[in-house]
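Reading through the structure tokens given below for one structure.
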Amino acid sequence: MRKLLPMIGSHPGGRSAMTCRFRCGDACFHEVPNTSANEYVGDVIASALSRRSVMRAAAVVTVATAAGTATTLGTAPQAAAAGAGTTATTATTKSTPKPKAARGLRFDAVAPNTADAVTVPGGYKQNVVIRWGEPILRGAPAFDPEKQTGAAQAGQFGYNNDFLALLPLPGERGRGLLVANHEYTDEVLMFRGYDAANPTRDQVEVAWAAHGLSAVVVEEDRRTGKLTAVPRHHLNRRVTATTAFRLTGPAAGSDLLKTSADPTGRKVLGTLNNCSGGTTPWGTTLHGEENFNQYFANSSRPTDKRYGIGTGATERKWERFDKRFDVAQEPNEVHRFGYVVEFDPYDPTSTPRKHTALGRFKHEAATIRLTADGRPVVYSGDDERFDYFYKFVSSKRMKKGSSRAVREHNLSLLDEGTLYVAKLTGDSPAIEIDGTGKLPADGEFDGSGEWIPLATATAKGAVSHVEGMTADEVFVFTRLAGDKVGATKMDRPEDIEPNPVTGKVYVALTNNSNRGVGANPKADEANPRNANKHGQVLELTERWNRPESTRFAWLLFLVAGDPDDPATYFAGFPKDDVSPISCPDNVAFDPYGNLWISTDGNQLGSHDGLFGVATKGERRGELKQFLTVPSGAETCGPIITDRRVLVAVQHPGELDGASVENPKSTWPDGPGKIVRPAVVAVYRADGCDIGV
């Protein structure tokens, strides 16, 4: 049998209690916000799929230490010693040559491990591009963990980097523009002697400044492949929780968005809990506001309960220092978060926008595919157990060019169009789906789907397609609109991205430990596996491969877990030589159309990592691990180019009991240094392309 590392973490999805507190406000321990009676979609039973004739028996494996087959950066001596006794798995070397992996995936898979380091394949090198606290703006001081201030942090790289975008920088050879968002803060890992019950105003102001976005120019050393930040460049910028934003689109100016500080309902300060995002063909970046609920206190409204907003104090206690975080005092401020943010990194004077036409929910991702006539279609997931995934089809066409008029036009593309939510239907009789994984008579789990329109925004106004809700209500209370139209319940829809080579759309569903528990929905054809702790990836094909279509076909592409477990499936690829994977989160594509998956909350005992999997050809479903991240960390923001992979190493050291005084990781700088989230670049030592 394949050996896996001992289970780590006792919280849902394998997260530590600290992660649940600071990242999502203990969302997994709250009552499920979606109590609607409409159909549920979760993980597809892989035990049934494993009975297909294309599957083979699991391979014999040999036990090896992770350090034996990989290179590491920034491994602290004590961390390396701690990991020396742990075991991980690699495929047995066979005497006959193996067929070549898909182009882009020709590297030696990294074995599961628990090293306090970024572990990459042999023949690859890496470097830290930028860390939390490094100064990027003119006048910002060097980072000093003992002398942090809000003013200093506002000029330094933010905390807990998540989504990454790397944009070209015309006229500056060897340079690019890196954009990162900063999801949340781990105050207990930031401040020595932090008292969670009594944070100081100085600490809160640092946290406000550590949220948001960073834009920083990066430069490649062509001799070594190293990528480094360029401080004080004129395009470098910080956006924080107190930066001015514009609310745009159909709900802007609505009574639901007006506050005492903004009676117009069109201006808001800051962006919070930005998770995955996307880039636009017109040169901007999109960022999804995800677990915004945890920042707001003292709610008593049913609409807020549907979004997981609590009735008491918050973990961070920000409401003590700014009344806008107290729903009892400012009931509409919370309605101004939970949107997709658009940021123009090429214009340091621009005001970022929140697009209300894309709906308000816990946005994970905002990725774009253009229609044949140039209209953007935006895909986005709502990262909550039993919630939905959406798309927005713009009614306006993108213009080409770089003039101010063209740029202003393109910045309005996401303000007019139709917002849809997905409903999936199986193609087998319900009686054949018994929840055990037994295959239906037609031999597979698949089906069709439809995009149900929720509301349409035009230059003259907006129209609701949901009975009993106004257009403003649909755009502000989008979850309730999805409930009313019978959208399909999913298991934490995270990143959603169309394949730029094939056009197929991939949906990462991280996990849902509540599947089938108590009164929660039972199995249907789209998700017949109970107790889904490893998650899955769905593949959607729009009708006629047109992104504006209102119909699609769906099938299971990947069911995560141990390949030796019959309840796993790798697109039909034989499982004797694939890597174990658990809890898919962010996704991206390389130039060859391979899907790259980062994980969050690995339930197999190894650290989280980044994986590549072929989506087409005879190697379809061949999945290989490219790297793992340090203790307590999550793999975020993957960017895969021909010569370089970038990942955001988020919340390293975020393990139960950790603090500045009692670190659980010493990455990236070693013993005696504070643990710091950072962006890492990985490249081949010989300078050749990745995975070829």
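Because the structure is predicted, anything quoted here is derived from the model rather than measured.
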Could you check whether [Y] and [X], counting side-chain N and O atoms only, form a donor-acceptor pair closer than 3.5 Å?
X: D495; Y: S276; value: yes
X: N273; Y: K362; value: no
X: T628; Y: H607; value: no
X: N160; Y: D186; value: yes
X: T418; Y: T456; value: yes
X: H651; Y: E634; value: yes
X: E364; Y: S380; value: no

Is [X] salt-bridged to [Y], going by a charged N under 4.0 Å from an acidic O?
X: R492; Y: D383; answer: yes
X: R479; Y: D382; answer: yes
X: K399; Y: E408; answer: no

Counting neighbours of [atom1] on [X] that are heavy atoms of other residues, nucleotides or ligands and sit closer than 6.0 Å, is the number greater than 12?
X: K396; atom1: NZ; value: yes
X: R246; atom1: CZ; value: no
X: K258; atom1: NZ; value: yes

Please assess R316 against E187 for the test salt bridge (Lys or Arg N to Asp or Glu O under 4.0 Å), listing each intermediate value before the final yes or no. CA-CA 8 Å; R316 291 176 176 80; E187 282 80 351; 3.5 Å; yes
With [X], which of [options] fulfils ring pair (Phe, Tyr, Trp, His ring centres under 6.0 Å)?
X: W451; options: F392, F552, Y390, Y420; value: F552
X: H211; options: W318, W132, F337, Y159; value: W318
X: W596; options: F589, F626, Y506, F611; value: F626

Nearest 0.5 Å, what's the [atom1]-[atom2] distance between [X] and [Y]?
X: I640; Y: L646; atom1: CD1; atom2: CG; value: 9.0 Å
X: L358; Y: R360; atom1: CG; atom2: CZ; value: 14.5 Å
X: H335; Y: F475; atom1: NE2; atom2: CZ; value: 16.0 Å
X: E219; Y: E172; atom1: CD; atom2: CD; value: 8.5 Å
X: Q625; Y: D608; atom1: CD; atom2: CG; value: 9.0 Å

Between F361 and Y388, does the ring pair (Phe, Tyr, Trp, His ring centres under 6.0 Å) criterion hold? Intermediate values first, please. CA-CA 10 Å; F361 46 88; Y388 315 128; 9.2 Å; no
Trace of the side-chain contact (heavy atoms from CB on, under 4.5 Å) decision for V268 with T259: CA-CA 9 Å; V268 61; T259 66; over 6 Å; no
Looking at every heavy atom in both V649 and A633, which two are closest together, and how far apart are they? CG1-CB, 3.8 Å
Smallest heavy-atom separation, V474 atom then A455 atom, equals CG1-CB, 3.7 Å
Does the pair Q153 and W208 meet the rule for a side-chain hydrogen bond (donor to acceptor under 3.5 Å, both in side chains), with working shown? CA-CA 9 Å; Q153 176 65 82; W208 287 344; over 6 Å; no
E183 and P677, any side-chain heavy atoms less than 4.5 Å apart: no
From H355, K354, R353, H287, residue fulfilling side-chain hydrogen bond (donor to acceptor under 3.5 Å, both in side chains) relative to E342: H355
Please assess D344 against R407 for the test salt bridge (Lys or Arg N to Asp or Glu O under 4.0 Å), listing each intermediate value before the final yes or no. CA-CA 10 Å; D344 185 354; R407 202 146 188 86; 2.9 Å; yes
Pick one: which of R369, M398, K400 meets side-chain contact (heavy atoms from CB on, under 4.5 Å) with P281? M398
